[in-house]
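Data first, discussion second: the structure below is written as structure tokens.
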Amino acid sequence: RLLMTLACPTLACPPRVSILNVAVATDFTSCSERAVEHGMAVARHFGATLHLLHLVRPSQFSLSPEMIPALADAAFRDCDRLMDRLLQNHRLDGIECRRWIEQGEIPAIAGEFVARHEIDLLIVGTHGRTGLPRLILGSAAQQIFHNVRCPVLCVGPRAPGAGPQLQLRRVLFSTDLSPESIAAAPWALTALGEWHTDLDVLHVCHSEKPAHREALDRLVAHLAAEGAPNAQAHLLTGKPAPCVLDFAARRHADLIVLGLKPHRALYSGPPWSHAYEIVRQAP
């Protein structure tokens with residue numbers, strides 16, 4: 001069904017993107033520390049304004065609502081300490097940085113914040129929880145990338161930190177060939193244009209058919225016409241998340257680009273399974 005709708009796949013947005021405002025959602029943990037490092041590197045590379053956002057979520061303290069004002073005050077102090085440390089270490093040199101403390105729940109606040117500040121890229125770190133801890137605590141990263149209208153860069157627990165200068169050598173664009181998935185292609189093309197990276201275009205399917213190869217080849221030909229003449233097409237059969245992760249490891253990908261359907265995961269399946277597994281385990 002998806003292949004039929006993509007008989008002539010096209011990009012619904014410009015082949016390159018511009019980044020003027022970068023936001024990092026931080027909870028001051030080591031996990032979000034890596035997200036902040038990536039935020040600074042991206043902001044420095046594109047000359048963008050960096051926004052540090054901390055969200056005080058009342059639902060986490062429903063049994064003790066009287067604690068919320070004190071927690072908000074503590075968040076301001078923690079954010080100020082973070083800013084002071086970054087400034088003293090000269091890590092914010094050349095970067096315009098603003099900090100924000102918001103109170104509310106992720107679905108309501110995250111989207112409104114992105115719209116109000118015209119955020120072009122939101123960066124989050126994920127703890128990579130699984131099983132019971134995830135069911136109890138939930139995934140803030142997952143809630144964010146399903147509730148904002150801008151691209152989200154997820155830095156998983158296995159991802160390395162970022163130096164002052166962001167360097168990318170190989171990008172993996174994993175697509176199920178749906179329109180929502182292909183809409184992420186400009187981000188792969190932007191990485192290629194900015195860092196002259198190699199580009200792999202991967203489609204994972206349950207069983208290989210000629211129509212799969214034809215649709216993938218048409219997409220790669222379109223990307224070549226948009227500025228990726230050396231993009232390589234790859235077709236694999238199997239389960240999406242393990243195939244994408246194994247391929248990314250073998251090809252030493254620095255960035256995996258995915259396009260998601262609204263309120264669903266990559267490919268078909270449970271609402272978080274494939275995309276979240278990729279985010280959680282990607283190195």
Side-chain angles (χ1 to χ4, degrees), residues 11 13-19 22 24 31 33-48 50 91 94-95 120-126 128 141 145 151-175 181-204 216-217 219-236 240-260 266 275 277-283:
L11 302 180
C13 37
R16 300 284 178 86
V17 294
S18 120
I19 301 178
V22 177
V24 181
C31 173
E33 183 79 18
R34 287 193 299 274
V36 172
E37 290 177 2
H38 282 79
M40 291 186 295
V42 171
R44 180 174 287 108
H45 181 89
F46 288 95
L50 177 65
R91 302 185 67 184
I95 300 175
D120 301 300
L121 178 66
L122 178 60
I123 302 177
V124 298
T126 176
F145 65 63
V152 178
L153 173 61
C154 291
V155 182
R158 295 184 58 201
Q165 302 298 326
L166 188 62
Q167 297 294 328
L168 300 177
R169 295 172 299 277
R170 181 174 291 277
V171 172
L172 168 58
F173 175 34
S174 180
T175 172
S181 175
I182 291 177
W187 288 87
L189 291 171
T190 297
L192 188 151
E194 292 289 331
W195 289 279
H196 307 290
T197 65
D198 295 320
L199 177 62
D200 291 312
V201 183
L202 172 65
H203 175 59
V204 181
L216 181 60
D217 287 343
L219 172 59
V220 171
H222 188 94
L223 293 174
E226 295 289 351
N230 297 320
Q232 298 182 47
H234 305 270
L235 182 65
L236 297 178
C243 284
V244 171
L245 289 165
D246 177 71
F247 185 90
R250 287 189 287 107
R251 299 288 283 184
H252 303 289
D254 298 301
L255 176 69
I256 302 175
V257 177
L258 306 171
L260 304 186
L266 177 70
E277 281 304 301
I278 292 171
V279 167
R280 188 177 67 83
Q281 298 186 53

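Counting begins at 1 with the first residue of the sequence. Quantities reported herein were computed from a predicted structural model and do not represent experimental measurements. Just so it is clear, the values below take in all heavy atoms, side chains as well, and ignore hydrogens, waters and symmetry mates.
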Which residue pairs satisfy the side-chain hydrogen bond (donor to acceptor under 3.5 Å, both in side chains) criterion with at least one member in residues 156-170, sequence neighbours excluded?
->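 Sorted result for residues 156-170: R169-D254, R170-D198, R170-D200.
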Can you tell if the side chain of M40 reaches within under 4.5 Å of the side chain of L50, non-hydrogen atoms only?
->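 A side-chain contact under 4.5 Å exists here.
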At their closest point, which heavy atom of A159 faces which heavy atom of V155, and how far apart are they?
->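 What the structure gives for the nearest pair is CB-CG1, 3.8 Å.
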For E33, salt bridge (charged side-chain N to carboxylate O under 4.0 Å, His left out) partners two or more places apart |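 Salt bridge (charged side-chain N to carboxylate O under 4.0 Å, His left out) check on E33 returns R85.
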Pairwise salt bridge (charged side-chain N to carboxylate O under 4.0 Å, His left out) hits with a residue in residues 36-47, at least two apart =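 Residue pairs with at least one partner in residues 36-47: E37-R91.
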Looking at residues at least two apart in the chain, or sitting in another chain, which of them share a side chain to side chain donor-acceptor pair (under 3.5 Å) with D120?
->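 D120 satisfies side chain to side chain donor-acceptor pair (under 3.5 Å) with no other residue.
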Applying side chain to side chain donor-acceptor pair (under 3.5 Å), name anything that partners D246, two or more places apart in sequence or on another chain.
->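 With neighbours one apart ignored, the set is R250.
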Short side-chain to backbone donor-acceptor contact, T190 and V17, under 3.5 Å |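 Here the side-chain-to-backbone pair exists.
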Test item: H203 side-chain N/O and T175 main-chain N/O as donor-acceptor pair under 3.5 Å |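 A pair under 3.5 Å: yes.
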Qualifying residues under side chain to side chain contact (heavy atoms under 4.5 Å, CB included), relative to [X], sequence neighbours excluded:
X    : value
A221 : none
A248 : L172, A253, I256
A228 : L189, L192, L199, L223, A231

All ring-ring contact (aromatic ring centres under 6.0 Å, His included) counterparts of H252, not counting sequence neighbours =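 Partners of H252 by the ring-ring contact (aromatic ring centres under 6.0 Å, His included) criterion come out as none, since no residue qualifies.
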